[in-house]
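For clarity, every value in this text was computed on a predicted model and none was experimentally measured.
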Amino acid sequence: MFCPVSPSPALTKCLLYRDFGLSLELPRDRLCPTVPNRLNYVLWVQDLLDSTGGLENDEVDTVREVVGLDVGTGASCIYPLLGCALRGNWKFIATDIDEKSLEYARENVKRNKEKVGDLDERITVFANSPDGDIFPIGKMGIEKLDFTMCNPPFYTSIDDMFDSAKKKNLPPSSSCTGTTTEMVYPGGETAFVSQMLTQSLHLRSNPNFSNTWYTSMLGKHSSVESLIPAIKQHTQNYAITEFKQGSTRRWGIAWSFGDRRPCLAAVRYDSSQLRGLMPFPTEFEFDAAAVSVGCGGVRGNVWSRAARRAKARRGLEIEGMSNGIALGFRIGLKEKGDQSVRVKIRWTRGTDSVLFESFCGMIKRKVLTG
């Protein structure tokens, strides 16, 4: 049983070879991935990791080893191949439940090992079982995980798959070779990602996985609207994005239980439909005549009137004060043509959006009023 739409395998193979030097062999009876939106997904994950990696300027850390898990890698193994071709310090564990897809995935890794250095050592393809954990950490001996990627089964049933094709205004531009295993899951992508969320909660207390970014691509905007409230029950450190390529739209969601905040570009996008569900912005800007720049962190609110009164009474602890860094920040500026500067405060670490908002207000008042 096959689904209604998919890109041309020849085009996919040509694009990957021309732009990334990757050589692929794709079976005729398995899903053929579109390169542009897969690449957009990988680049978005890069933004998430770069802006939460601990470097001061959201730069690429080429030294730190990064380990990712690709759930349902498919015959193409496209996410690990693209990720490793773009970043020399990335490694992948790739899983799938289909034997034929696993066979092709392993072969595609082997055929590119000389083109992308040590690729067979950087990508490990594992067989998972349909009733096994989505994140089979113990089974595969995974000691740490920086991120996960997934393009979950889109449809709730075979009937749902074909009903969706009938509702399209235009006929498909090509045929789809995806199997029902790749395209259908009881409850669809919402149910699959809900399982991911549940299993990620089991890992949050493990220090090796507490800062992991769990991510997924979604095919329905309604799935984003359904999943974000569930994520917000457990963490406020999450991200939403849109992948738009031509007439095709897909969405990305991500969540982490760590306190490192991603850059604004990776966190949210403009959407009136998701108003109220968007993450708290991690950047605040205002115009000023001049300002000092730098980065730092605070243990709590040390600028409020209550904090100043507590400081005056020696020996008293300031309420809400943390033993560690409660708020990490970076202040930068950009010159404007009218002899003023644009001040940008970047929230880099912490979980308290109220604290960040209060800090931004204090900085703005101090800069503008002296």
Side-chain angles (χ1 to χ4, degrees), residues 47-61 63-67 137 143-148 197 200-215 231-239 254-264 266-268 279-284 291-332 343-367:
D47 286 341
L48 283 172
L49 296 177
D50 291 346
S51 58
T52 57
L55 294 184
E56 291 185 1
N57 297 313
D58 297 340
E59 298 173 338
V60 179
D61 189 343
V63 177
R64 182 174 71 97
E65 180 183 270
V66 174
V67 180
I137 305 301
E143 296 182 355
K144 80 158 192 167
L145 204 56
D146 294 285
F147 69 96
T148 73
L197 175 60
S200 70
L201 293 173
H202 299 156
L203 299 172
R204 67 185 301 178
S205 61
N206 187 323
N208 291 334
F209 303 100
S210 59
N211 290 308
T212 302
W213 279 101
Y214 302 93
T215 79
I231 292 172
K232 289 178 67 176
Q233 291 180 16
H234 304 284
T235 179
Q236 294 297 313
N237 199 9
Y238 64 96
W255 65 94
S256 172
F257 304 112
D259 65 350
R260 296 192 180 276
R261 316 301 297 202
C263 63
L264 189 62
V267 173
R268 52 195 289 154
F280 194 88
T282 56
E283 294 174 9
F284 175 78
V291 68
S292 298
V293 296
C295 59
V298 293
R299 293 170 51 213
N301 187 336
V302 295
W303 52 84
S304 66
R305 290 181 180 177
R308 291 196 298 270
R309 288 195 298 267
K311 184 178 180 180
R313 299 191 298 270
R314 289 187 176 182
L316 294 181
E317 287 292 328
I318 299 177
E319 185 178 356
M321 186 65 72
S322 167
N323 289 326
I325 295 178
L327 172 69
F329 60 87
R330 185 171 67 246
I331 301 176
V343 181
K344 181 167 75 173
I345 305 173
R346 163 85 161 86
W347 183 13
T348 61
R349 191 171 178 182
T351 59
D352 191 342
S353 60
V354 175
L355 186 63
F356 174 62
E357 194 171 20
S358 174
F359 178 77
C360 291
M362 180 272 295
I363 292 294
K364 183 176 181 179
R365 288 193 303 272
K366 292 292 186 181
V367 170

Open item on the list: For a side chain to side chain contact (heavy atoms under 4.5 Å, CB included) check, start with the C-alpha distance between Phe280 and Gln236, then their side-chain angles and the critical distance, and finish with the verdict.
Closed with: CA-CA 8 Å; Phe280 194 88; Gln236 294 297 313; over 6 Å; no
[atom1]-[atom2] distance between [X] and [Y], expressed to the nearest 0.5 angstrom:
| X | Y | atom1 | atom2 | answer |
| --- | --- | --- | --- | --- |
| Ile231 | Trp255 | CD1 | CH2 | 5.0 Å |
| Phe359 | Ile331 | CZ | CD1 | 4.5 Å |
| Leu49 | Asn211 | CG | CG | 11.0 Å |
| Arg330 | Glu283 | CZ | CD | 8.0 Å |
| Leu197 | Gln233 | CG | CD | 8.5 Å |

Task: Sub-4.5 Å side-chain heavy-atom contact between Phe257 and Leu201 - done: yes
Open item on the list: Measuring only between side-chain heavy atoms, which start at C-beta, is Trp347 closer than 4.5 Å to Ser353?
Closed with: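 Of all side-chain heavy-atom pairs linking Ser353 with Trp347, at least one is under 4.5 Å.
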Does [Y] offer a backbone N or O that forms a donor-acceptor pair with the side chain of [X] under 3.5 Å?
| X | Y | answer |
| --- | --- | --- |
| Thr212 | Asp146 | no |
| Arg261 | Gly350 | yes |
| Thr52 | Arg260 | no |
| Ser358 | Leu355 | no |
| Ser256 | Asn237 | no |
| Arg268 | Pro279 | yes |
| Asn208 | Glu143 | yes |

Task: Among Glu357, Arg346, Lys364, the one residue meeting side-chain contact (heavy atoms from CB on, under 4.5 Å) with Phe284 - done: Lys364
Task: Exceeds 12 heavy-atom contacts within 6.0 angstrom, atom NZ of Lys366 - done: no
Open item on the list: Between Asp50 and Asp58, is the side chain to side chain contact (heavy atoms under 4.5 Å, CB included) condition met? List the steps.
Closed with: CA-CA 5 Å; Asp50 291 346; Asp58 297 340; 5.6 Å; no
Measure across [X] and [Y] and return the closest heavy-atom pair with its distance rounded to 0.1 Å.
| X | Y | value |
| --- | --- | --- |
| Asp47 | Ser51 | O-OG, 2.7 Å |
| Thr215 | Ala254 | CG2-CB, 3.6 Å |
| Leu48 | Ala266 | CD2-CB, 3.9 Å |

TODO: Please report the C-alpha distance between Asp352 and Leu327 in whole Å, then the side-chain angles of each, then the deciding distance to 0.1 Å, and finally whether the side chain to side chain contact (heavy atoms under 4.5 Å, CB included) criterion is met.
DONE: CA-CA 8 Å; Asp352 191 342; Leu327 172 69; over 6 Å; no
- [ ] May I have the step-by-step check of side chain to side chain contact (heavy atoms under 4.5 Å, CB included) for Trp303 and Val298, ending in yes or no?
- [x] CA-CA 10 Å; Trp303 52 84; Val298 293; 4.0 Å; yes
